[in-house]
Amino acid sequence: MERRYVIAGNWKMNKTPSEAKALLEEIVKANDGKTACDIVLCVPAIDIPAAVEATKGTNVIIGAQNVHFKDNGAYTGEISAAMLKECGVEYVIIGHSERRQYFGETDATVNLRTAQALANGLKAIVCVGETLEERKDNITFDLIAIQIKRAFKGISEEDMKNVIIAYEPVWAIGTGETATNEQAEEVCAFIRGLIAELYSVDLANAITIQYGGSMNAKNAAELLAMDNIDGGLIGGASLKAPDFTTIIDSVKA
Ligand code: PEP
């Protein structure tokens with residue numbers, strides 16, 4: 001299995017369906033035919049039909065920002081993997097720090113959602129990362145190890161081939177503060193080593209590990225040039241077609 005670069009946008013709670021359509025058309029036009037990386041846009045759930053329609057037959061893939069861990073039932077406000085799949089979604093972000101911080105997401109629910117996404121043929125972008133306090137307390141690696149071990153508990157090596165791990169230090173998300181190239185590389189390398197230990201060297205070499213946290217048109221090239229950073233999960237800068245395009249163009253050939 002070949003390691004793929006994946007540049008994924010996380011639009012969070014931004015853009016109505018008509019705004020999503022317009023922005024996606026701009027992104028599609030600017031990135032037509034590019035193959036150096038996979039291009040994914042994780043849009044708000046309500047935008048998914050318009051987004052899938054706007055990107056049909058293009059190299060831009062649509063993702064969601066969350067998925068529930070049950071097949072169906074009394075879970076008001078939630079969206080199932082089958083619903084996403086039927087609408088043409090290919091990727092789903094799981095365990096974003098905003099979901100952990102504001103919506104009670106835990107390592108246990110991240111594990112359940114990941115298993116459910118994979119069982120339904122979705123690719124999972126699983127987010128891990130430490131807070132500033134945890135970094136200052138020097139427990140970054142311990143914390144990342146716990147998040148990873150719990151997120152992937154019971155997930156087979158075969159299923160892990162459909163997983164991307166996004167290292168997103170919480171203190172760098174939406175703050176304008178980016179991890180240095182060395183800080184980001186150090187944790188991504190640690191994650192790869194952990195995957196080798198938990199699964200195999202083959203999987204560790206093949207898995208895509210993204211960095212996320214104020215990645216932008218200016219700092220992307222340096223971050224993406226690091227050995228263990230295979231792409232980005234991008235919030236703010238994915239809402240501007242020119243900036244997002246520059247990030248895509250920063251992937252080393
Ligand atoms: C994110 O939402 O995952 C993210 C990294 O946001 P930003 O790029 O805005 O920091």
Side-chain angles (χ1 to χ4, degrees), residues 5-15 19-20 23-24 27 37-45 47-48 51 61-67 89 91-103 105 107 110 113-114 117 123-132 134-135 140 143-144 147-148 151 163-181 183-185 187-188 191 208-224 226 228-251:
Y5 274 82
V6 180
I7 299 294
N10 172 19
W11 282 1
K12 314 192 190 204
M13 195 176 71
N14 292 293
K15 304 292 171 188
E19 289 168 347
L23 178 53
L24 283 164
I27 290 172
C37 63
D38 290 343
I39 304 169
V40 182
L41 268 311
C42 298
V43 304
D47 293 349
I48 288 170
I61 304 165
I62 296 304
Q65 299 174 9
N66 191 22
V67 62
V89 165
Y91 282 84
V92 60
I93 298 173
I94 297 174
H96 191 279
S97 67
E98 286 152 17
R99 296 225 44 98
R100 293 178 191 254
Q101 193 179 347
Y102 304 129
F103 302 103
E105 194 79 73
D107 291 335
V110 168
R113 291 183 205 273
T114 302
K123 293 186 175 122
I125 301 176
V126 178
C127 303
V128 295
E130 81 288 1
T131 62
L132 190 55
E134 288 157 347
R135 177 161 281 269
T140 297
L143 186 102
I144 299 286
Q147 287 180 336
I148 295 222
V163 167
I164 290 174
I165 300 172
Y167 167 54
E168 298 212 305
V170 179
W171 48 272
I173 298 178
T175 58
E177 193 167 336
T178 320
T180 64
N181 304 333
Q183 283 172 326
E185 167 66 12
V187 179
C188 290
I191 291 172
T208 297
I209 302 177
Q210 297 173 319
Y211 167 77
S214 299
M215 190 185 270
N216 58 41
K218 288 205 177 101
N219 60 25
E222 283 190 1
L223 284 160
L224 293 169
M226 305 307 281
N228 287 288
I229 302 179
D230 317 313
L233 183 55
I234 296 123
S238 70
L239 291 162
K240 295 178 200 130
D243 289 17
F244 193 56
T245 301
T246 302
I247 296 172
I248 290 164
D249 291 338
S250 303
V251 171

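In each ligand, atom 1 is the first atom listed, and ligand 1 is the first ligand listed.
Backbone and side-chain nitrogen or oxygen atoms of Asn10 are examined, and one is located within less than 3.5 angstrom of a nitrogen or oxygen of ligand 1. Residue Glu98 has no nitrogen or oxygen atom sitting less than 3.5 Å from a nitrogen or oxygen atom of ligand 1, judged on distance alone.
Contacts with ligand 1 closer than 4.0 Å are made by no heavy atom of Ser238, backbone or side chain.
For the atom pair Thr180 OG1 and Asn219 CG, the distance stands at 11.0 Å (nearest 0.5 Å).
At the shortest separation from atom 9 (O) of ligand 1 among protein heavy atoms lies Gly236 N, 2.9 Å. Looking at atom 1 (C) of ligand 1, its nearest protein heavy atom turns out to be His96 NE2, 3.2 Å. Taking atom 3 (O) of ligand 1 as the reference point, the nearest protein heavy-atom neighbour is Glu168 OE2, 2.7 Å. The shortest contact between atom 8 (O) of ligand 1 and any protein heavy atom is with Gly235 N, 2.8 Å.
Considering every non-hydrogen atom in both Ala117 and Val67, the closest pair reads CB-CG1, 4.2 Å. Between Ile191 and Ile165 the shortest heavy-atom distance is CG2-CD1, 3.8 Å.
Arg135 places no side-chain N or O within 3.5 Å of a backbone atom of Thr140 that could act as its donor or acceptor partner. The main-chain N or O of Asp230 is never found under 3.5 Å from a side-chain atom of Thr208 such that the two would form a donor-acceptor pair. Side-chain N or O atoms of Glu185 include one that pairs as donor or acceptor with a backbone N or O of Asn228 at under 3.5 Å.
For the pair Gly176 and ligand 1, no heavy-atom separation below 4.0 Å is found. The closest approach between Gly213 and ligand 1 falls below 4.0 Å for a heavy atom of the residue.
Of all the atoms in ligand 1, the ones that sit under 4.0 Å from a non-hydrogen atom of Ala172 are 10 (O). Short contacts between ligand 1 and Ser214, defined as distances under 4.0 Å to a heavy atom of the residue, involve ligand atoms 7 (P), 8 (O), 10 (O).
No side-chain N or O of Asp107 forms a donor-acceptor pair with one of Gln147 less than 3.5 Å apart.
Between Gly174, Gly232, Cys42, it is Gly174 that holds the heavy atom closest to atom 10 (O) of ligand 1.
More than 12 heavy atoms of other residues, nucleotides or ligands lie within 6.0 Å of CD in Glu19, so this atom counts as buried by the packing criterion.
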